Every structure is written in C-alpha cells, then in structure tokens.
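Model, not experiment: these values are computed from the prediction. Per chain, numbering begins at 1; letters A, B, ... match sequence-line order.
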There are 2 protein chains.
Amino acid sequence: MRKRINALAEQLLDTLEQKGYRSTEPRRAMAQVIANQDKHFTAEDLRKQLPSLGRATIFRSLKLLVETGMVCRVLLEDGDLHYQLSHRGHHHHLLCVECGSSQDLLGCDIEDLLQQTSARHGFELSGHWLEVYGRCNACRNVEQTVELANA
Amino acid sequence: MRKRINALAEQLLDTLEQKGYRSTEPRRAMAQVIANQDKHFTAEDLRKQLPSLGRATIFRSLKLLVETGMVCRVLLEDGDLHYQLSHRGHHHHLLCVECGSSQDLLGCDIEDLLQQTSARHGFELSGHWLEVYGRCNACRNVEQTVELANA
DNA sequence: AATGAAAAGATACTAGGTATCAATATTCGC
DNA sequence: GCGAATATTGATACCTAGTATCTTTTCATT
C-alpha cells in the first residue's frame, strides 16, 4: 500500500519519474522526509529518520535528487557539505548560522559583476559557487526580545 | 643540520613562530614543499612529496597553516576541498578548471553588493564563501594556438 | 503469473580527517 | 652545556561521508 505523502514530496517523485527513474517505496519515504526538513541536512540526518533504509540507498537517491536539481548541496562555513531542498535553477543561499535556515538570494547581480571582473584578469568565467552566512530576521528579533527582557 | 629553504618557506615558518609555534624539521620540510606548489593541493599530495612525515603531522601542520592564514582552503567545482598558498587576508580565487592555477580576484566589490542584497532580505551578513571557475589566459591561448595549427 | 530491468540492501572499501598516547625534539633556566 | 618542562611527532585506531560490488528483491510489462 502506497503511503500518502505531501505535495512537495509528490513533486520530487514526479520529477524523478520524468527523468526515467522509478518511484519506489524507499524513494517515496525519502521524498517525504526531505520535504519535511526545514533546514539543510546530511545523509546521516535522513538515515536517522529512515532507519529501515539501507545506507547506500540513501546516498544513491540523494545523488539522484541532486542530479535532477531537486536537492542542492550547500557549503557550511566550516567547509562541511550539507544538502537542502532546492528551488531549482542556479541561485545562492543566505544561510543563517544560528538556526540553519536558508533563504534564496534574489536580485543579486553577482554574475555580471564576476563576468566583468574575471574579464579584467583575462579569465573566461564558466561558473562559480557562492554561499552567504549571517543571521536571519527571526534570529535577530529573538535576540532583541531577549535584550529587552533583560533590560 | 638545518636544511636551506627558500624565502617563501621561511616566511611561513616565521609566521608560525610569531604565533608561538615551533619551527621544527618536519615543519621546515612541509613549508618548503608547500612553497613549491604551483597550484592547489591535497594533504595526500604533500604526503607523496614527504613520505618520511607521519600522516597526522601533515594534517596538523596544514591545519596550523590554515589557522595562521598562510594557507587557505579552496572549494573545487565538484565540492572537493583542496589547499593552496594564501596571499593573506580575505580574497577570492579565479580557479582555472583546466590547469588548476588560481589568481586572486582583485577589484571586486562583491562585499558591498552582498551587504545590500542581504539587508533587503532582513539578513545580517557575517561572512561568505566565493569561488570562481573558468579558464585562465594561458589555457585560452593554448587552445587558440592549437586551433590555428589545425586550420 | 512470468520475465527482465531497475533498485535495494549488505558489505567491504576509500578518502580525508581527528583522537590518543607513548616516544622524541626543542626550548628555557641554570 | 645539562636537564627539566613542554611541544611536537609518529603510530595507531578511529570517524564520517561516500562509492563499488554483488546478491536479492521489487517493479512494470507482457
């Protein structure tokens, strides 16, 4: 019996099927768990939430999801690579170092800027990797509230 | 007997000493090898060139050099982390995907741009990681020469 | 239901890095 | 220059993240 899963999970599976990959029971379970993550995660995080799945299966399906663009890798400040749900297409993240949440960076003309700067160095740009670290609005507000409470 | 090493290696060791770390024979050997690398490298690369040093020693000294800012980590396009000589201070690299060379990215106002964009998202920026990939001048010229030769 | 391909799971393996600890170098005070 | 105190080393075991291999299971098709 096919478990009921949410719309986002359904979307992950649909995309896999569009690329010719089967929507199996383990993949449905994984899609559901990934759809429920509210921040970046590791393969190990998924494994704890899916103890019945084999380790290799998790890595394999994760890889598929990255290849099909549904999940992306994010670089943490310390150099660790984690995964997170992707909102498709090339984009950058604002990673909150406090709560681990991430927002997509919109309205950033970095590509143009890099293009120009690279050209000045005689460099033919083909790609780039950018992560931005800081504190999100919510975490800043929490701190402010605490400060007020202590005042 | 203290081996003679070049000026750049000497500088690495001096910096370590300024931070209170000893300039030992293994570290002198490592500094010399690192000073001779012309592109990014891995701990394993160093180990091949320094077979007499213990593995842990290489990792430990590499870590020290990163902490003191003499060596930095660079993120390759595939997510691998390598090391390279650092030219001190925060800066970004133009990494040539063909020959592995890297240039420092100068005259790039990305900090300001990120600051502004983050602020629009209610995000308090504290840091970022940027790597730029492409082909350096030399590699582009080689290709052009080959094309002309074949024409 | 039979079959062939895809996927799963177990397992062993690899790479990159850290922890532990006894043995060795190095520095410092004399 | 000598010895004690301390930093560093190397060996080893360990850890995490990921891949390779191979047999069994599941899936979709007929």
Item checked: nucleotides 6-13 of chain D: protein proximity per nucleotide (B base, S sugar-phosphate only, - neither; heavy atom, under 4.0 Å) -> BBSBBB--
Margin query: Working note: B:Tyr83 + B:Gln37, criterion side chain to side chain contact (heavy atoms under 4.5 Å, CB included); need CA distance, chi angles, decisive distance, verdict.
Written below: CA-CA 10 Å; B:Tyr83 299 89; B:Gln37 303 302 307; over 6 Å; no
Margin query: Under the criterion side chain to side chain contact (heavy atoms under 4.5 Å, CB included), I'd like the reasoning laid out for A:Ile34 against A:Leu62: C-alpha separation, chi angles, the key distance, then a yes or no.
Written below: CA-CA 10 Å; A:Ile34 290 176; A:Leu62 208 36; 4.2 Å; yes
Item checked: Steps toward side chain to side chain contact (heavy atoms under 4.5 Å, CB included) verdict (A:Met30, A:Leu12) -> CA-CA 10 Å; A:Met30 255 187 88; A:Leu12 300 190; over 6 Å; no
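No close placement of the A:His128 and B:His92 rings is indicated, their centers lying 6.0 Å or farther apart.
What separates CG of A:Asp45 from P of D:dA17 is a distance of 9 Å, to the nearest Å. For A:Lys63 and D:dA20, the NZ to P distance is 6 Å, given to the nearest whole Å. Distance A:Leu76 CG to D:dA17 C1': 14 Å, rounded to the nearest Å. One interatomic measurement links the two molecules: OH of B:Tyr83 to P of C:dA15, which rounds to 16 Å at whole-angstrom precision. Look at CG on A:Asp78: it is 14 Å from C1' on C:dG16, rounded to the nearest Å. For B:Phe59 and D:dC14, the CZ to P distance is 18 Å, given to the nearest whole Å. In this structure, the NZ atom of B:Lys48 is 13 Å from the C1' atom of C:dG16, given to the nearest Å. In this entry the distance linking CZ of A:Arg73 with C1' of D:dG18 reads 11 Å, nearest Å.
A:His93 places none of its side-chain heavy atoms less than 4.5 Å from the side chain of A:Leu105.
Between the B:Asp14 side chain and the B:Gln11 main chain, no donor and acceptor come within less than 3.5 Å of each other. B:Arg27 contributes a side-chain N or O that, together with a main-chain N or O of B:Arg22, makes up a donor-acceptor pair within less than 3.5 Å. At least one donor-acceptor pair closer than 3.5 Å links the side chain of A:Glu131 to the backbone N or O of A:Leu75.
Rounded to 10 degrees, the angle separating the terminal helix axes of the helix from C:dA1-D:dT30 to C:dC30-D:dG1, each built from five base pairs, is 30°.
Donor-acceptor pairing under 3.5 Å is recorded for the side chains of B:Gln84 and B:Ser102.
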